[in-house]
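Just so we're clear, the structure is a prediction, and the values are computed from it rather than from any experiment.
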Amino acid sequence: MTYESGTDQYDLWVKRLHVKMASPSLKDNTGDADRLIRTLKRELEVENIRIPYSLLANLPHKLRELQYDCSVAVYEDANIWNIIDIFPPDGYQQSYGIALDLGSSTLVMRLVNLDKGEVIRELSFRNPQITVGTDILSRIYYATQTGGLEELHSMLLDKINDKIHELCTQLEITPHEILALCVAGNTTMTHFFLGLDPYWICREPYIPVVNSPELILCKDLGVHINEMAPVFALPNVGSYFGGDLIAGILVSGMNHEKEICLLVDVGTNAEVVLGNKDWLMGCAGAAGPALEGGVASMGMMAGPGVIDKVWIDPETGKINYHTIDDLPPVGICGSGLIDLVAHLYLSGMIDLRGKFVPDKCGSRLVEIDGIGHFVVVSAEESATNQPLTLSQPDIDSLIRSKAAMYTILTTITKTVELSLRDISKFFIAGTFGSYIDPRSAIVIGMIPDLPLDTYIPLGNTSVKGATLALISREAREECMGIRDKITYLELNVNQEFMNLFSAAKFIPHTDKTLFPSVKVNESQAIGGA
């Protein structure tokens with residue numbers, strides 16, 4: 001299933017429509033609310049219309065002020081159309097909504113024209129909760145402290161509201177004109193957003209407060225858009241399988257495919273879905289931080305000046321790299337780190353255990369505080385005026401993360417008695433997926449050795465899925481259908497996982513027959529960008 005821009009391509013569940021009613025008279029003394037409901041039933045061709053109590057008090061004044069000629073914003077919930085607000089009749093086609101990716105590190109916000117299905121503006125910003133803890137478990141622990149949950153909720157809402165105000169100021173609109181909000185995030189981030197206690201998410205048997213929150217009004221959450229605007233949070237399936245992954249499935253369309261597909265979203269955790277139109281199985285595990293570049297000493301999230309691609313000249317051993325926006329290097333992100341380790345292996349500078357080979361590394365291998373470091377960028381080339389180096393512990397951390405990733409993929413396929421070679425499409429979501437070179441990831445044994453055209457980058461599926469659910473009733477309903485179809489595999493209690501993990505802690509693997517292309521290419525460097 002695909003959803004395209006244009007009102008003829010999807011069925012809106014949030015609308016603003018022009019409504020003109022006959023004014024009351026002695027011959028027509030229908031109540032104002034009844035008059036409006038009667039007209040909306042005709043315009044929308046529906047039976048069930050609801051006016052919230054909070055709008056009734058001012059309804060007579062507003063309708064008379066507008067001479068019973070107005071635009072009415074409505075939303076659908078469980079086959080009942082609810083009135084959000086009443087506006088002057090002009091500009092009724094300029095209705096807005098917000099799609100929000102609730103990332104644990106970065107939030108991405110889109111302002112969307114609901115009538116046209118167009119993204120008007122997108123911005124991203126750091127999650128303010130990082131000051132409390134860079135990882136989810138630290139934040140869950142903080143939430144157990146007195147006032148901790150309230151503080152985490154307020155930090156998030158305050159930042160979101162600041163950015164909404166920023167968007168409205170830039171585009172010269174009022175928050176009152178924003179009629180809906182759709183959010184997608186992992187289970188814990190959704191709990192923080194809703195102000196719900198995540199305490200039991202990380203404790204056996206790993207139970208969230210709620211998997212499928214009902215629509216909530218903005219006034220009840222403290223989001224500064226129209227106070228009667230609905231908030232739709234994409235549902236989660238398990239403690240580590242959240243609405244962001246539901247969004248990924250929606251965007252990939254794998255739930256409509258006949259062949260077996262696999263979706264991986266690498267963020268704070270590595271989240272994986274396997275299946276097709278008939279069945280879906282999902283799981284998640286802690287493989288994300290090192291793959292994001294968050295563990296390496298020079299690791300950074302993707303951004304200006306960050307190295308995202310690396311290749312080594314097989315003849316000269318020269319390190320070549322590309323930085324985002326072609327700026328002097330300040331650090332390296334996950335895709336660059338994977339490239340770097342892959343090329344170090346192919347050039348013989350590290351062995352199959354990921355250990356430095358001094359004779360091959362030459363003068364680039366230096367010792368800092370008793371630890372081996374490989375100089376990737378000299379101080380003269382670096383934007384920081386300090387050399388950018390990769391340490392032995394950095395490589396060890398990456399190998400553990402890549403082993404966890406491959407083990408997650410192996411575990412989920414073995415559970416349904418499939419092989420990784422049975423996968424016809426391998427979707428990679430997230431910023432990580434936008435930059436990663438599958439060739440390098442295959443070399444280090446992070447992903448299976450499949451034909452390169454099997455791998456399909458999707459970008460930020462969390463915000464894309466939230467956008468689809470915002471503008472399409474069918475997409476919103478499909479999210480719920482996806483949730484109901486998924487079987488969740490809890491890796492925290494999977495005994496085979498550790499056995500498979502140990503075998504994957506080599507480059508590319510202890511069983512090299514699993515990576516035939518790497519065996520062929522071990523003496524050759526991967527081509528440069």
Side-chain angles (χ1 to χ4, degrees), residues 260 262 264 266 270 272 274 285 287 290-291 310-315 317 334-361 372 374 390 392-426 428 436-455 491 494 496-528:
I260 301 298
L262 198 147
V264 172
V266 178
V272 177
L274 178 72
L291 303 181
V310 179
W311 62 101
I312 298 177
D313 189 308
E315 302 295 330
S335 61
L337 188 60
I338 290 167
D339 278 352
L340 176 58
V341 173
H343 282 275
L344 289 174
Y345 176 70
L346 292 176
S347 63
M349 295 182 188
I350 59 174
D351 62 21
L352 55 83
R353 300 168 303 156
K355 304 302 181 184
F356 288 122
V357 179
D359 291 346
K360 292 286 187 178
C361 294
F374 185 86
L390 182 72
Q392 185 63 66
D394 293 338
I395 298 177
D396 296 343
S397 178
L398 177 63
I399 287 179
R400 286 193 299 271
S401 285
K402 79 89 183 175
M405 167 68 86
Y406 189 78
T407 305
I408 292 169
L409 300 179
T410 306
T411 301
I412 195 171
T413 49
K414 279 180 173 289
T415 300
V416 291
E417 299 182 350
L418 289 173
S419 162
L420 288 170
R421 294 192 174 119
D422 293 324
I423 297 167
S424 65
K425 292 182 181 179
F426 192 120
I428 308 177
I436 187 175
D437 184 342
R439 296 172 297 179
S440 295
I442 290 170
V443 166
I444 69 170
M446 188 184 84
I447 58 178
D449 194 353
L450 302 173
L452 294 180
D453 60 5
T454 306
Y455 294 96
L491 293 180
N494 190 287
E496 190 179 10
F497 184 88
M498 289 310 298
N499 297 331
L500 295 169
F501 178 71
S502 297
K505 289 199 302 185
F506 293 84
I507 302 177
H509 196 276
T510 51
D511 183 359
K512 289 193 175 183
T513 62
L514 297 172
F515 293 88
S517 73
V518 180
K519 183 177 181 180
V520 170
N521 293 325
E522 278 180 343
S523 61
Q524 306 170 16
I526 304 171

### Query
Where do Gly354 and Ile507 come nearest, in terms of heavy atoms and distance?
CA-CD1, 4.1 Å
### Heavy-atom check, side chain of Leu390 versus side chain of Leu337, under 4.5 Å
yes
### Task
Return the set of residues passing side chain to side chain donor-acceptor pair (under 3.5 Å) with Lys505 (not counting sequence neighbours), or none when no residue passes.
none
### Message
Using only atom types and a distance under 3.5 Å, with no angle test, would you say the side chain of Thr510 pairs donor to acceptor with the backbone of Ala503?
### Response
yes
### Task
Could you pull out all residues at least two apart from Asp422 that satisfy side chain to side chain donor-acceptor pair (under 3.5 Å)?
none
### Query
Taking the side chain from Lys402 and the backbone from Ile444, do they hold a donor-acceptor pair closer than 3.5 Å?
yes
### Message
With rounding to the nearest 0.5 angstrom, report the OG1 to CZ distance, Thr411 to Phe501.
### Response
11.0 Å
### Query
What residues form a ring-ring contact (aromatic ring centres under 6.0 Å, His included) with Phe426, not counting sequence neighbours?
Tyr455
### Query
Can you name the closest pair of heavy atoms from Ile395 and Ile350 and give their distance?
CD1-CG2, 4.0 Å
### Query
Side-chain contact, heavy-atom cut-off 4.5 Å: Tyr406 with Ile447?
no
### Message
Taking the side chain as everything from C-beta on, heavy atoms only, tell me whether Pro448 gets closer than 4.5 Å to Ile442.
### Response
no
### Query
Could you give the distance from CD (Glu417) to NZ (Lys414), rounded to the nearest 0.5 Å?
10.5 Å
### His343 NE2 to Arg439 CZ distance, which is reported to the nearest 0.5 Å
7.5 Å
#### Entry: Sequence-distant partners of Ile260, side chain to side chain contact (heavy atoms under 4.5 Å, CB included), two or more places apart
Leu274, Asn276, Trp279, Leu418
### Closest approach of Arg421 to Thr513 (non-hydrogen atoms, all atoms of both residues)
NH2-O, 3.3 Å
### Query
Quick one: does Met349's side chain get under 4.5 Å of Phe374's, heavy atoms only?
yes
### Query
Lys355: what forms a side chain to side chain donor-acceptor pair (under 3.5 Å) with it, not counting sequence neighbours?
Asp396
### Task
I would like to know whether Leu346 and Ile312 meet side-chain contact (heavy atoms from CB on, under 4.5 Å); could you show each step before the answer?
CA-CA 9 Å; Leu346 292 176; Ile312 298 177; over 6 Å; no
### Task
Search all heavy atoms of Met446 against all heavy atoms of Leu409 and return the closest pair with its distance.
O-CD1, 4.0 Å
### Task
Calculate, to the nearest 0.5 Å, the distance between atoms CG and CG belonging to Leu262 and Leu450 respectively.
9.5 Å
#### Entry: Nearest heavy atoms of Tyr345 and Pro508, plus distance in Å
OH-CD, 4.1 Å
### Message
Nearest 0.5 Å, please: how far is CG in Leu344 from SG in Cys361?
### Response
7.0 Å
### Task
Return the minimal non-hydrogen interatomic distance between Val518 and Asp449, and the atom names on each side.
N-OD2, 4.0 Å
### Message
Give me each pair satisfying salt bridge (Lys or Arg N to Asp or Glu O under 4.0 Å) with a member in residues 345-354, each pair once, sequence neighbours excluded.
### Response
Asp351-Arg353
### Query
Should Val341 and Ile338 count as side-chain neighbours, where that means a heavy-atom distance under 4.5 Å?
no
#### Entry: Ser397 (side chain) donor-acceptor with Asp394 (main chain) under 3.5 angstrom
no
### Approximate separation, where rounding is to 0.5 Å, of Asp453 CG and Ser424 OG
10.5 Å
